[in-house]
Amino acid sequence: MDYRDTLNLPESPFPMRGDLPKREPGWIKEWEEKGLYKRLRDARQGAPLFILHDGPPYANGKIHIGHAVNKILKDMIVKSRQLEGFDAVYVPGWDCHGLPIENAIEKLHGRNLPRDEMQARSRAFATEQIAQQMTDFKRLGVLGDWDHPYKTMNHANEALELRALKKVMERGFVYRGLKPVYWCFDCASSLAEFEIEYADKKSQTLDVMFPAADPGRLAAAFGLDRLDKEAFIVIWTTTAWTIPANQALNVNPELEYSLVDTERGLLIVASALVEKCLERWKLHGRVIATAKGEKLEHMPFRHPLAHVDKGYDRLSPVYLADYATAEDGTGIVHSSPAYGLDDFNSCTANGLAYEDILNPVQGHGVYADDLPLFGGQHIWKAVPAILDALKAADRLVDTTTITHSYPHCWRHKTPVIYRAAAQWFIRMDEGEGVFTDPAQKPAKTLRQIALEAIDQTRFYPENGRIRLRDMIAGRPDWCISRQRSWGVPIPFFLHVDTGELHPRTMEIIDQAADLIEQGGVEAWSRVTAEDILGAEDARHYTKSTDILEVWFDSGSTFWHVMRGSHPAMHHDSGPEADLYLEGHDQHRGWFHSSLLLASAIFGRAPYRGLLTHGFTVDGQGKKMSKSLGNTVAPQDVSGKMGAEIIRLWVASTDYSGDLGIDDKILARVVDSYRRIRNTLRFLLANTSDFDAATDAVAYEDLLEIDRYALARAAQLQKEILGHYQVYEFHPVVAKLQLFCSEDLGGFYLDVLKDRLYTTAPKSLARRSAQTALHRITHALLRWMAPFLSFTAEEAWKIFGSGDSIFLETFTTLPEGDEALRAKWTRIREIRDQVNKDIEAVRAEGKVGASLQAEVTVAAQAEDLALLQSLGDDLKFVFITSAARAVAGDGDLRIDVRATTHEKCGRCWHHRADVGRDPAHPELCGRCVDNLYGDGEARAHA
């Protein structure tokens, strides 16, 4: 007889192969058709809120693997909080204004489009990009309110952003000033600190001589009666293009400076640098006098090209400044106040009027036509001409090429400069703003408020705190105006003579917001000064064409989204969001701008916690780039392997550092996925005929090993939920894989198979095992649901009683007692040793499968008691045909020998009672009892 049909062999519609690329889209479709996200909200109505506010990706281009990491991390956090019982709200959003979209429109439709046409085309372009990106994000299994995302270009959000600006103004933080700001020629606009990155740049260094304009006064400063030669002060710079705009020189008041006699004249440099300078210049010289820098204050020198063109015939006075050091160069810094913040502050502090600051560099990087010698030339291309002019004038001492770290535009990857321009700023420190409401002005500066807010914020990982604090502590005032078209307008009218704002500015902001709320930013572009101010006032005012920079857009979303377009997604008190989550570059981006604006408006941060993740790199740790051919497109991986594999890769990688990905790494992830899926399939198959309502065994009646398995699962769940609490996923994946392979596959399920397959279908022995498996499966599906979302949902349809795993909460598991866990932990250790010894005997060819072996374990009292407590069930733990424990007097001693008994044709155990029942000559006694009698009794395993 074939006894296979008498075994309880597992069956399940859950396939071994996931076939993820084909099946995942079906789950996404079902989630959408059934309105799963809305049902999640309904299921948690009244529960405590958890708000993860989405940092908006920019609406331009296909998503890349970095986007996938970001969105999947957010999704895992939201789902884990949902399973904890929170009303975990997630509204995806998009950043829609800004220069990259304008650039795309210019490439498609040409430059110099009318402002309203540029805005209309930009809005349409952003809409197309959002639709494409939304499809890709959904494909990753991300659950969210996709029917109602937020977009910074929505009319209501644009309007509320203006009202946020008004709030910041009322609190006294906004002012207009002429200051050097980062300027990108490709953007033709100012940039914020957030938009700067550093890269290597080749520059020409130059040492330039400025001739003394009052030799007698200079001699006195050095304690000399007179000077026998022409004297020069020598500067060193890497920005030759700033020399035409020089207006001053800076020395350190505490440094000592030397007057050095050389064949080029008397040269002034910092004493500590004399030897290096003479070597660099290939000159011989001797120091004839020294003086402290303070002695040179207001000493006049002439521009090095003063005798070449009368346009440069001006004085460069010496000012005292701590930023002049003896670390390199000459210890003297030349000052072009339009092109350096320190220079600007030094010159204006010494009385230079704003209107007297020379600013010949135009917005596109070309010198004004009226600049002597170099007018009409682009500053980078003019450098050789400037060097030639200085050399011809006998004012160039030395020049060489260096490579150094230099600020670049993070969009165009091109060098930027500091350039003075009239801009709108948010003030970080003391000072008055425009239209300040004295009743609303805080007692502390914005910098102080923001730094205190950082102390109240949780950081994941903690080192983010120092990074953000350092950036806030050292940052300059925030330039919030841009000279572009596609963005939220700064609705100001400036007096044509004084530059002062119209006295009704605060009312006009409200008026502009009302217009924009109805017709978008395009509506404001169409109105004229006459429409707003009336014909008489309009003659005296010009309408500003500046827009708010894009970081103001996204940084104010806590106001115009969470308290505006999506009012249900914020906490009523305290910070609006529980968590902001982005890449670590956002310490100087979205985290930064959001902190400053919330501090300006509310005096606190908009978030309770900040989580940062690293960047994606290839398997060798190299930055991804199309030119290197090492990019990994999430669309390709989803199409070939399934989005589930991307999700598992994200979850299993420590996101606090860079995340490596390539084909080999993904292949390992696929193997891990298969192991988890196979374990899950075993659990589902062996509980397929189990109805918890009628078949479950009470905890106290469970077999001992089943109670232990539940206690081990409870212990693991406690660890997993602890990791989820602090947004750690890779330890969850690692522990889940270990649980599947070691606790389940390597031990519990291995031991359990005999009882599951051979005992009577409805026996206590089998139902006890199924009760434990059923509860473990409930827990396992919930543990994996945040990251293996498709697989958990697929399994839940077979296993669960509800429509979706995500509508559930984490289950509770009986923890057992410490003695139970300790006992079985030791039994497993002994079992591992037994298995090693069986393997050694198998290697000698004495036994085949472990059921062909009989084992005797000699153990000391404590171990002996553990083993003997299992009685005859010990053989099931060892998966041998016979096992016994005897007293030993030393270390554990294991004797493995081949059985001499016949093999049962049904359970494959070798037993002395095989064939004793003449009606069933191929069966052992327990199989006969399990099939035709009362069934065997099991107590432990």
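These values consider heavy atoms only, across backbone and side chains, with no hydrogens, waters or symmetry-generated copies.
Side-chain atoms of E582 never come within 3.5 Å of backbone atoms of Q586 as a donor-acceptor pair (strictly under, hydrogens ignored). At least one donor-acceptor pair under 3.5 Å links the side chain of S122 to the backbone N or O of M118. For the pair T528 (side chain) and D531 (backbone), a donor-acceptor distance under 3.5 Å is present. Under the 3.5 Å distance criterion, the side-chain polar atoms of N345 are matched with a main-chain donor or acceptor of L341. Remark: the backbone N or O of V361 is paired with a side-chain donor or acceptor of R419 at under 3.5 angstrom. With hydrogens and angles disregarded, a donor-acceptor distance shorter than 3.5 Å links the side chain of R447 to the backbone of A473. Looking only at distances, no side-chain donor or acceptor of D553 sits under 3.5 Å from a matching main-chain atom of T152. A donor-acceptor contact shorter than 3.5 Å links the side chain of H64 to the backbone of G66. Of the possible polar contacts, one joining the Q635 side chain to the I63 backbone as a donor-acceptor pair under 3.5 Å is found. Distance alone, capped at 3.5 Å, places no donor-acceptor pair between the R647 side chain and the I72 backbone.
Closest approach of T127 and M153 over heavy atoms only: OG1-CE, 3.3 Å. Heavy atoms only, all atoms of each residue included: N60 and P100 are closest at ND2-CB, 3.8 Å. Heavy atoms only, all atoms of each residue included: P337 and A245 are closest at CD-O, 4.3 Å. Scanning all heavy atoms of the two residues, the minimum distance from T457 to G609 falls at CG2-CA, 4.0 Å. The two atoms that bring N70 and G583 nearest to each other are ND2-N, 4.3 Å, heavy atoms only. Closest approach of N157 and S565 over heavy atoms only: ND2-OG, 3.0 Å.
Taking the ring centroids of F435 and Y175, they lie at or beyond the 6.0 Å cut-off. The six-membered or imidazole ring of W241 lies near that of Y339, with a centre-to-centre distance under 6.0 Å. Remark: aromatic rings of Y150 and H53 are close, center separation under 6.0 Å. In this structure, the ring of F185 has its center no less than 6.0 angstrom from the ring center of H364. A centroid separation of 6.0 Å or more is found between the aromatic rings of F173 and W478.
Contact check on D514 versus R163 returns a salt bridge, with a Lys/Arg side-chain nitrogen under 4.0 Å from an Asp/Glu carboxylate oxygen. Ionic pairing of R171 and D437 is not present here: no N-O contact between side-chain nitrogen and carboxylate oxygen is shorter than 4.0 angstrom. Between E106 and R484, at least one side-chain N (NZ, or NE/NH1/NH2) sits under 4.0 Å from a carboxylate O, which counts as a salt bridge. No salt bridge links E195 with R588; every basic N to acidic carboxylate O contact stays at or beyond 4.0 Å. Between E102 and R121 no salt bridge is recorded (no basic side-chain N to carboxylate O distance below 4.0 Å). The residues R115 and E522 are annotated as not salt-bridged, no charged nitrogen and carboxylate oxygen being separated by less than 4.0 angstrom. Checked for salt-bridge contact, K623 and D658 miss the test: no charged N lies under 4.0 Å from a carboxylate O. Ion pairing of D477 with K179 is present here, as a side-chain N (NZ or NE/NH1/NH2) and a carboxylate O approach within less than 4.0 Å.
Test Q483, R176, R482 against Q423 for side-chain hydrogen bond (donor to acceptor under 3.5 Å, both in side chains) and you get one pass: Q483. Checked options H97, H560, K151; the residue passing with E158 is H97 (criterion: side-chain hydrogen bond (donor to acceptor under 3.5 Å, both in side chains)).
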Apply the test side-chain contact (heavy atoms from CB on, under 4.5 Å) to residues H502 and H495: give CA-CA distance (whole Å), side-chain angles for both, the deciding distance (0.1 Å), then the verdict.
CA-CA 7 Å; H502 194 280; H495 196 280; over 6 Å; no
Kindly determine whether I532 and Q511 satisfy side-chain contact (heavy atoms from CB on, under 4.5 Å), including the steps that lead there.
CA-CA 9 Å; I532 303 298; Q511 191 174 353; 3.6 Å; yes
Test side-chain hydrogen bond (donor to acceptor under 3.5 Å, both in side chains) on D186 and T414; report intermediate values, then the result.
CA-CA 8 Å; D186 293 290; T414 51; 2.7 Å; yes
Chi angles and distances behind the side-chain contact (heavy atoms from CB on, under 4.5 Å) call for I472, I454
CA-CA 9 Å; I472 293 293; I454 291 172; 4.0 Å; yes
Assess the residue pair H587 and D470 against the criterion (side-chain hydrogen bond (donor to acceptor under 3.5 Å, both in side chains)); give the C-alpha distance rounded to whole Å, side-chain angles, the decisive distance to 0.1 Å, and a yes or no.
CA-CA 10 Å; H587 285 118; D470 288 347; over 6 Å; no
Check the pair K166, E161 against salt bridge (Lys or Arg N to Asp or Glu O under 4.0 Å), reporting the backbone distance first and the verdict last.
CA-CA 9 Å; K166 182 182 176 184; E161 187 179 328; over 6 Å; no
Hey, mind stepping through N103 and K107 against side-chain hydrogen bond (donor to acceptor under 3.5 Å, both in side chains) and telling me if it holds?
CA-CA 6 Å; N103 286 341; K107 289 178 182 178; over 6 Å; no
Checking salt bridge (Lys or Arg N to Asp or Glu O under 4.0 Å) for the pair R427/E432: CA distance, chi angles, key distance, verdict?
CA-CA 9 Å; R427 190 185 302 280; E432 281 300 317; over 6 Å; no
How far apart are the C-alpha atoms of W146 and M134, what are their side-chain angles, what is the distance that settles it, and do they pass the side-chain contact (heavy atoms from CB on, under 4.5 Å) test?
CA-CA 8 Å; W146 296 110; M134 184 184 293; 3.5 Å; yes
As a quick check of understanding, evaluate side-chain hydrogen bond (donor to acceptor under 3.5 Å, both in side chains) for D200 and H404, giving each step before the final call.
CA-CA 5 Å; D200 285 347; H404 59 139; over 6 Å; no
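Shown here is K413, whose NZ atom has more than 12 heavy atoms of other residues, nucleotides or ligands within 6.0 Å.
Between F50 and V89 the shortest side-chain heavy-atom distance does not fall below 4.5 Å. In this structure, I516 and L162 have side chains that are in contact, with non-hydrogen atoms separated by less than 4.5 Å. Between D95 and W590, every side-chain heavy-atom pair lies at or beyond the 4.5 Å cut-off. For the pair P476 and M428, the minimum side-chain heavy-atom distance is 4.5 Å or more. Two residues are said to be in side-chain contact when any heavy atoms from C-beta on lie closer than 4.5 Å; Y607 and L595 meet this criterion. Within the 4.5 Å cutoff, no side-chain heavy atoms of L610 are placed close to those of R458. Contact of the D54 side chain with the V91 side chain is not registered, since no non-hydrogen atoms from C-beta on lie closer than 4.5 Å. Between I646 and S638, the closest side-chain pair of non-hydrogen atoms falls below 4.5 Å.
Ring-plane geometry between Y406 and W380 is classed as perpendicular, the angle between the planes exceeding 60 degrees on a 0 to 90 degree scale with a lower cut at 30. Y727 and Y460 have perpendicular rings, their planes meeting at more than 60° on a 0 to 90° scale where under 30° would count as parallel. Ring geometry, F591 versus Y580: the interplanar angle falls from 30° to 60°, so the pair is classed tilted. Taking the six-membered ring where the residue is Trp, F137 and H67 present perpendicular rings, their angle passing 60° and hence far from 30°.
Both tests hold for K543 against W524: distance to the six-membered ring centre under 6.0 Å, angle to the ring axis within 45°.
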